[in-house]
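These numbers were taken from a predicted model, which means no experiment stands behind them. Residues: numbered from 1 along the sequence shown.
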Amino acid sequence: MEIAIRSAPVSAMRCAVRPLSKGQLIQRLGDFAERGNLEKGLAALTEYVGASHYLLARYDLSQDHNLDFVVCSDWPFDMVKRLAKCLSDLHSRSNEMEKCLSVMQPVFMSLPADIEPARGLARDYCAITFNVGRTRLSLMLLFPQDVILSQESLRDVGLLTAYFASFSQDREMRSDREFELTERELECLFWIAEGKTSDEIAVILGISRNTINNYITSVMRKTATKTRSEAIAYAVRNNLV
């Protein structure tokens, strides 16, 4: 999936008209959060920025090649199903530095060639990544062909979505399943962050080197990192060690 940050041509385009002020939107989001109404909050954010469809995703679950990463969406189901593999591939190719730099930066991506958007929708979609506690989320927006999404408004929506998600009582936004690392995996993560080798960790924990390597492999799979250094960076950034 090709990623490009592009500015749309001004000619034959119209800017999105926001039906609410930012203050009104924040007040409405607070009401929706108290009621646990995630769908209405995301719909209000989508309308505010001039987009047409929203998809809120668990970025850390996108590598699993299934639909567990979807928190809430009104995208057509076939598009979401096809997009899952693309997001997984994109996630696996991104290193920790790229993931850090992408936070709150609106990025425009092209839909895969075999996805045909509904008539009147652009072939690009916008993704805004943000953190809520230890959980990384991505808001992906479809928008009409003749609408320009302002970078400033998109950043506002990213911040407001993070605010809304952090206060939402919706059960799918709870963090109790966050990274699902076991106690042993967390111990191994701690010791590799301390610079210990697998042999040294095996001695410290009193288990075999192969078992230690299996735990570390599991940690890297769950955190979508490719090396021990990336796993350490991930752990530090998310306060796991």
Side-chain angles (χ1 to χ4, degrees), residues 3 5 22 25-26 29-30 32-33 36 38-39 41-42 44-46 48-49 51 54-64 67-73 83-84 86-109 125-141 149 151-181 185-186 189-190 193 219-227 229-241:
I3 303 175
I5 300 178
K22 190 188 298 185
L25 177 61
I26 291 172
L29 290 176
F32 290 144
L38 186 61
E39 293 87 351
L42 291 172
L45 287 158
T46 301
Y48 175 80
V49 79
Y54 63 83
L55 191 162
L56 184 63
R58 279 280 299 263
Y59 199 78
D60 56 299
L61 297 181
S62 65
Q63 72 271 16
D64 292 338
L67 297 180
D68 288 346
F69 71 94
V70 178
V71 175
C72 190
S73 173
L83 197 64
C86 298
L87 291 176
S88 175
D89 293 343
L90 175 63
H91 193 281
S92 66
R93 292 198 304 268
S94 301
N95 60 38
E96 281 301 304
M97 179 63 73
E98 290 169 335
K99 290 171 187 174
C100 288
L101 292 175
S102 70
V103 173
M104 287 299 175
Q105 296 299 319
V107 176
F108 289 88
M109 306 183 189
Y125 66 96
C126 180
I128 311 167
T129 303
F130 56 91
N131 292 330
V132 175
R134 293 179 178 179
T135 304
R136 173 159 293 190
L137 298 166
S138 183
L139 177 66
M140 290 174 276
L141 300 169
L149 301 186
Q151 293 279 330
E152 180 182 354
S153 295
L154 287 167
R155 280 189 287 271
D156 283 346
V157 163
L159 288 169
L160 290 172
T161 306
Y163 157 80
F164 175 59
S166 68
F167 286 100
S168 174
Q169 298 302 306
D170 189 274
R171 64 182 177 86
E172 296 206 50
M173 294 302 299
R174 293 177 187 170
S175 60
D176 55 357
R177 61 182 292 232
E178 289 198 328
F179 297 103
E180 299 175 350
L181 294 181
E185 288 168 347
L186 287 170
L189 190 54
F190 170 79
V219 167
M220 289 192 289
R221 178 182 61 80
K222 289 180 179 180
T223 58
T225 53
K226 297 186 283 291
T227 66
S229 296
E230 285 190 10
I232 293 167
Y234 187 92
V236 171
R237 179 165 52 83
N238 289 285
N239 299 315
L240 295 177
V241 296

Discussion item. Measuring only between side-chain heavy atoms, which start at C-beta, is V71 closer than 4.5 Å to L38?
Written reply: yes
Worksheet item: How many angstroms lie between atom CG of L45 and atom CG of L141, to the nearest 0.5 angstrom?
Response: 9.0 Å
Worksheet item: When rounded to the nearest 0.5 angstrom, what distance separates OG1 in T46 from CG in L55?
Response: 10.0 Å
Discussion item. Rounded to the nearest 0.5 Å, what separates atom CG in L29 from atom CG in L42?
Written reply: 9.0 Å
Response to the item:
Scanning both residues in full, the closest heavy-atom pair of L149 with C126 reads CD1-CB, 4.3 Å
Worksheet item: Mind checking whether E39 and F32 have side chains closer than 4.5 Å, heavy atoms only?
Response: no
Worksheet entry | Validation row: T161, I128 side chains within 4.5 angstrom (heavy atoms) | no
Response to the item:
Scanning both residues in full, the closest heavy-atom pair of M220 with A231 reads CG-CB, 4.1 Å
Worksheet item: Under 4.5 Å between any side-chain heavy atoms of L137 and R58, yes or no?
Response: yes
Worksheet entry | Spacing of CZ belonging to F130 relative to CG belonging to L56, to within rounding of 0.5 Å | 5.0 Å
Practice prompt. List the atom of A127, the atom of M140, and the distance in Å for their closest heavy-atom pair.
Written response: CB-CG, 3.9 Å
Item to complete: Grab the two heavy atoms, one from L189 and one from A235, that are nearest each other, plus how far apart they are.
Response: CD2-CB, 3.6 Å
Practice prompt. Mind checking the CZ-CD spacing from R155 to Q105? Nearest 0.5 Å is all I need.
Written response: 6.0 Å
Worksheet item: Is there a side-chain contact between F108 and L154, using heavy atoms and a 4.5 Å cut-off?
Response: yes
Discussion item. To the closest 0.5 Å, what do you measure between CZ (F164) and CG (L139)?
Written reply: 11.5 Å
Practice prompt. Search all heavy atoms of G30 against all heavy atoms of Y163 and return the closest pair with its distance.
Written response: CA-OH, 4.1 Å
